[in-house]
J.: 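Below is one structure. I have some questions about it.
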2 protein chains.
Amino acid sequence: MTSAQILQQHGIRPSLTRVMIYDYLREHRTHPTADEIYSALSPNAPTLSKTTVYNTMKLLSSEGVIKTITIEEQQARFDACTDVHGHFLCRDCGGIFDFDTELPSMKIPEGFAPSVTEIYCIGRCKGCN
Amino acid sequence: MTSAQILQQHGIRPSLTRVMIYDYLREHRTHPTADEIYSALSPNAPTLSKTTVYNTMKLLSSEGVIKTITIEEQQARFDACTDVHGHFLCRDCGGIFDFDTELPSMKIPEGFAPSVTEIYCIGRCKGCN
DNA sequence: AATAACTTTGTAATCAATACAAAATTTAGG
DNA sequence: CCTAAATTTTGTATTGATTACAAAGTTATT
């Protein structure tokens with residue numbers, strides 16, 4: 001399915017800018033920061049503004065099209081894959097790796113309605129071990 | 001067990017300042033920010049510096065005495081309870097609630113060594129529903 | 001084309017977190 | 001004790017990710 005179609009399904013108007021940003025995120029599974037997305041796209045889109053990247057990430061995230069990864073304290077990262085999976089942050093090299101996991105059996109109290117679940121691990125990755 | 005004893009067990013010298021900060025966190029299970037801890041303690045500890053709070057949280061967190069909660073993008077929160085449990089962030093009121101959960105069955109690849117696991121949910125809490 | 005609605009942009013501001021070096025405190029040796 | 005070394009704490013200045021905001025640009029509707 002095209003990025004434009006996915007955006008439309010979530011009630012987001014698929015402007016050129018939004019499709020370009022979302023396309024980039026779908027094609028680069030590196031969990032980029034807003035700044036990295038901006039730097040990657042701005043050579044080919046000279047009028048792109050960093051604020052637009054932030055606006056777009058916020059919009060897509062709030063509509064559930066992407067996931068916002070807050071495993072790092074300094075800055076948010078983004079992931080186009082919304083399937084259930086975990087994120088592993090290496091303390092040494094700073095790399096973020098996906099891993100398979102099931103959702104845990106959570107005892108969310110009555111009346112609480114979660115819309116997003118995140119599973120984070122922090123430690124040392126294979127290369128740094 | 002006293003806060004001083006716990007710090008010592010983790011190889012942290014239990015200075016008055018560190019014990020005071022850790023005591024506060026153990027007694028206030030509100031997941032406070034560094035700024036909230038500083039504001040709460042500073043009337044009774046006029047020479048306390050906010051930098052010291054940040055330093056202490058970083059030290060205690062890196063030694064596994066406390067948990068750093070990064071569920072919010074804006075600022076870190078801290079938790080003296082290191083038992084397995086999840087954190088629920090309400091999008092509307094901003095409250096953070098503990099919930100019981102088991103660790104999920106995670107397929108961490110060979111060679112990866114996690115030392116911390118976090119389970120976050122974001123949604124709407126009982127009061128806001 | 002005109003108007004309204006929405007999107008994008010650039011600049012300035014916010015504010016959590018850190019760097020850094022001086023001051024204060026604690027420890028250990030004589 | 002007394003001094004020097006090691007550690008901890010402090011205050012100020014800085015960094016840097018994110019947001020506020022209003023102007024400019026674009027798109028849709030009549």
Side-chain angles (χ1 to χ4, degrees), chain A residues 3-4 7-8 10-24 31-63 65-78 89 91 94 96, chain B residues 3-4 7-8 10-24 31-63 65-78 89 91 94 96:
Chain A
S3 293
L7 295 182
Q8 247 163 349
H10 286 83
I12 298 169
R13 198 138 52 117
S15 70
L16 281 181
T17 309
R18 287 170 179 165
V19 169
M20 172 183 67
I21 291 173
Y22 182 41
D23 265 343
Y24 178 86
H31 317 99
T33 64
D35 192 71
E36 285 166 355
I37 295 169
Y38 170 78
S39 298
L41 294 178
S42 101
N44 298 320
T47 70
L48 180 64
S49 162
K50 204 179 282 187
T51 299
T52 299
V53 177
Y54 278 107
N55 289 344
T56 303
M57 301 332 274
K58 182 151 286 211
L59 176 65
L60 300 197
S61 190
S62 75
E63 296 303 324
V65 180
I66 66 172
K67 286 199 144 196
T68 301
I69 304 170
T70 61
I71 194 170
E72 283 179 311
E73 286 184 61
Q74 304 78 20
Q75 79 230 87
R77 295 182 170 274
F78 303 97
L89 168 65
R91 270 212 181 79
I96 293 186
Chain B
S3 293
L7 295 183
Q8 248 162 349
H10 287 83
I12 298 169
R13 199 133 59 111
S15 70
L16 282 181
T17 309
R18 287 170 180 166
V19 170
M20 171 184 68
I21 291 172
Y22 182 41
D23 266 344
Y24 178 85
H31 318 100
T33 64
D35 192 71
E36 285 167 354
I37 296 169
Y38 170 78
S39 297
L41 294 177
S42 98
N44 299 321
T47 71
L48 180 65
S49 163
K50 204 180 283 189
T51 299
T52 299
V53 178
Y54 278 108
N55 289 343
T56 303
M57 302 331 274
K58 181 152 287 211
L59 176 65
L60 300 196
S61 190
S62 74
E63 297 303 324
V65 180
I66 65 172
K67 286 199 145 198
T68 301
I69 304 170
T70 61
I71 195 170
E72 283 178 313
E73 285 183 62
Q74 304 78 20
Q75 81 231 85
R77 294 182 171 274
F78 303 97
L89 168 66
R91 271 212 181 81
I96 292 184

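Computation of the quantities below employed the complete heavy-atom set of this structure, encompassing side-chain atoms and omitting hydrogens, waters and symmetry-equivalent molecules. We name chains A, B, ... by the order of the sequence lines, and we start the count at 1 in each one. What you see is a predicted model; the values in this text were computed from it and never measured.
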J.: Tell me whether the OP1 or OP2 atom of C:dA16 has a side-chain N or O from B:T33 closer than 4.0 Å.
T.: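 No, because none of the side-chain N or O atoms of B:T33 sits under 4.0 Å from OP1 or OP2 of C:dA16.
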J.: Does the side chain of B:L60 come within less than 4.5 Å of B:L7's, by heavy atoms?
T.: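 Answer yes - side chains close enough.
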J.: Determine: side-chain N/O of B:R18 to OP1/OP2 of D:dT8, distance under 4.0 Å, yes or no.
T.: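 B:R18 to D:dT8 OP1/OP2: side-chain N or O found under 4.0 Å.
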J.: Hey, are the side chains of A:T33 and A:Q74 touching, using non-hydrogen atoms and a 4.5 Å cut-off?
T.: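 No; the side chains remain at least 4.5 Å from each other.
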J.: Spell out, as yes or no, whether a donor-acceptor pair under 3.5 Å connects the side chain of B:T70 to the backbone of A:T70.
T.: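 Side chain of B:T70 to backbone of A:T70, a donor-acceptor pair under 3.5 Å: yes, one is there.
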J.: Expressed as a whole number of angstroms, how long is the span from B:M57:CE to D:dT9:P?
T.: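 It works out to 13 Å between those atoms.
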J.: Any side-chain N or O of A:K50 under 4.0 Å from OP1/OP2 of D:dT19?
T.: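 Result: no.
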J.: Return the value, rounded to whole Å, for the distance between atom CD of B:E63 and atom P of D:dT8.
T.: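 So the CD-P distance, B:E63 to D:dT8, works out to 11 Å.
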J.: Between D:dT10, D:dT8, C:dA17, which one does the side chain of B:A76 approach most closely?
T.: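 When the side chain of B:A76 is considered, C:dA17 is the closest of D:dT10, D:dT8, C:dA17.
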J.: Checking all strands, does B:N55 fall into the base, sugar-phosphate, or nothing category for heavy-atom contacts under 4.0 angstrom?
T.: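 It contacts base atoms.
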J.: Can you tell me which nucleotide in D:dG11, C:dA17, D:dT18 comes closest to the side chain of B:S49?
T.: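 Selected nucleotide (nearest to the side chain): D:dG11.
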J.: Can you find a heavy atom in the side chain of B:I66 that is under 4.5 Å from one in the side chain of B:M57?
T.: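 Yes, side chains in contact.
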J.: Determine the contact category for A:T52: base if any of its heavy atoms lies under 4.0 Å from a base atom, sugar-phosphate if only primed atoms, P, OP1 or OP2 are that close, otherwise nothing.
T.: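 Base, at least one base heavy atom under 4.0 Å.
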J.: Check every strand shown and say whether B:T47 touches a base, only sugar-phosphate, or nothing at a heavy-atom separation below 4.0 Å.
T.: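 Sugar-phosphate, backbone atoms only, no base.
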J.: Check the phosphate of D:dT8 against B:T17, side-chain N and O only, distance under 4.0 Å to OP1 or OP2. Yes or no?
T.: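 Negative; the distance criterion is not met.
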J.: Is there a side-chain contact between A:F78 and A:I69 in this structure, where contact means two heavy atoms from C-beta onward sitting under 4.5 Å apart?
T.: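 Contact flag for A:F78/A:I69 side chains = no.
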J.: Between B:E73 and B:S15, just flag the one whose closest nucleotide in DNA chain D comes earlier from the 5' side.
T.: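 Counting from the 5' end, the first nearest nucleotide belongs to B:S15.
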J.: Quick one: is D:dT8 close enough that its OP1 or OP2 comes under 4.0 Å of any side-chain N or O from B:R13?
T.: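 Checking D:dT8 against B:R13, a side-chain N or O does come within under 4.0 Å of OP1 or OP2.
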J.: Is A:D35 close to A:K50 at the side-chain level, that is, under 4.5 Å between some pair of heavy atoms?
T.: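 In contact.
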J.: Write down the distance between CD1 (B:I21) and C1' (D:dT8), rounded to a whole number of angstrom.
T.: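 Roughly 11 Å, once rounded to whole Å.
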J.: Which nucleotide in the set D:dT19, C:dA17, D:dA17 lies at the smallest distance from any side-chain heavy atom of A:K58?
T.: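 The answer is D:dT19.
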J.: Rounding to an integer number of Å, can you tell me how far A:D35 CG sits from D:dT19 C1'?
T.: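 To the nearest whole Å, that distance equals 15 Å.
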J.: Rounded to whole angstroms, how far apart are CG on B:L59 and C1' on D:dT7?
T.: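 Distance check: B:L59 CG to D:dT7 C1' gives 12 Å.
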J.: Could you tell me how far apart B:E72 (CD) and D:dT19 (C1') are, to the nearest whole angstrom?
T.: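 Atom CD in B:E72 sits about 15 Å away from atom C1' in D:dT19.
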J.: Closest nucleotide of DNA chain C for B:T51 versus for A:I12: which of these residues is on the 5' side?
T.: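 Its nucleotide being nearer the 5' end, the pick is A:I12.
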J.: Nearest whole angstrom, please: distance from the C1' of C:dA17 to the CD of B:Q74.
T.: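 Distance, rounded to whole Å: 14 Å.
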J.: It should be established whether A:Y54 places a side-chain nitrogen or oxygen under 4.0 Å from OP1 or OP2 of nucleotide D:dT19.
T.: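 Answer is no, no contact under 4.0 Å.
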J.: Rounded to the Å, how far apart are B:Q75 CD and C:dA16 C1'?
T.: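 Going from B:Q75 (CD) to C:dA16 (C1'), I get 7 Å.
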